[in-house]
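See below for the structure under consideration.
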Amino acid sequence: MNKKININEAVSRETVNRMAHDSHGKKWEDYETIKCPDGQIIDMLKLLDEQQRAKAALVHIIPWFGGIINKLRVIYTFHVDTQATDGYNLFVNPQFTYNLDLTGKVFVMAHEIMHCVLNHMRRGAKHDPKKSNIAADYEVNCWINDIGLIK
């Protein structure tokens, strides 16, 4: 199993590039199907299509998110449990994301974008990473609820 990365801490460009590729040097999104560490088979073509639909739905609801989401480099990786961002990259665990419905995919995408909007990576850098992430997640989820995006 791949080592999990703490995105709240500085991650080097080399580490990010390693996270973006499998042991054969290919990106997960270059495969039609992939086998997850627990053996589940993921249809990557379906996942990529669903991610595009979630992105389109989110930008339709909140148009200014388009400028942010289109600048983030999407990296499919098993090095994160769910999804995460460092402000430059959007790390997506294919298995976690594949198992979400469209509403879940939109929510998680909005959640990660809001971390960028609220500059949580910089603001939390001098604090305990775990506590900072909990506080940031609380702030983001309250914001998402307050605007009525998803309850």
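What you see below is based on every heavy atom in this structure, not just the backbone, and it leaves out hydrogens, waters and symmetry mates.
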Quick one: pull up [atom1] in [X] and [atom2] in [Y] and give me the separation to the nearest 0.5 Å.
X	Y	atom1	atom2	result
Thr33	Ile42	OG1	CD1	10.0 Å
Met114	Ile147	CE	CD1	7.5 Å
Gln95	Asp81	CD	CG	10.5 Å
Asn141	Asp146	CG	CG	10.5 Å
Asp137	Cys142	CG	SG	10.5 Å
Ile75	Asn89	CD1	CG	4.0 Å

Measuring only between side-chain heavy atoms, which start at C-beta, is [X] closer than 4.5 Å to [Y]?
X	Y	result
Val117	Trp143	no
Trp28	Asp22	yes
Leu100	Val108	yes
Tyr88	Leu72	no

If the condition is side chain to side chain donor-acceptor pair (under 3.5 Å), which residues does [X] pass it with, not counting sequence neighbours?
X	answer
Asp43	none
Tyr98	none
Gln83	Thr97

Let me check something: any side-chain donor-acceptor pairs from residues 44-66 under 3.5 Å, sequence neighbours excluded? List them with distances.
{"from": "Glu50", "atom 1": "OE1", "to": "Lys105", "atom 2": "NZ", "distance (Å)": "3.1"}
{"from": "Lys55", "atom 1": "NZ", "to": "Asn70", "atom 2": "OD1", "distance (Å)": "2.9"}

Are any side-chain N or O atoms of Asp38 and backbone N or O atoms of Gln40, one a donor and one an acceptor, separated by less than 3.5 Å?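 Flag set: sc Asp38 to bb Gln40 pair under 3.5 Å.
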Contacts satisfying salt bridge (charged side-chain N to carboxylate O under 4.0 Å, His left out) that involve residues 23-34 (not counting sequence neighbours) are none
- Item | Partners meeting side-chain contact (heavy atoms from CB on, under 4.5 Å) with Lys71 (sequence neighbours left out) |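 Residues passing side-chain contact (heavy atoms from CB on, under 4.5 Å) with Lys71: none at all.
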For Asp101, the side-chain contact (heavy atoms from CB on, under 4.5 Å) test, sequence neighbours excluded, returns Thr103
Result for side-chain contact (heavy atoms from CB on, under 4.5 Å) between Glu112 and one of Thr85, Val92, Ile69 points to Thr85
Between His115 and His111, how do the two ring planes meet: parallel, tilted or perpendicular, split at 30° and 60°? perpendicular
(request) Specify the closest pair of heavy atoms between Gly87 and Cys116, including all atoms of both residues, with the distance to one decimal. (result)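 Nearest pair, atom of Gly87 first, then Cys116: CA-SG, 3.9 Å.
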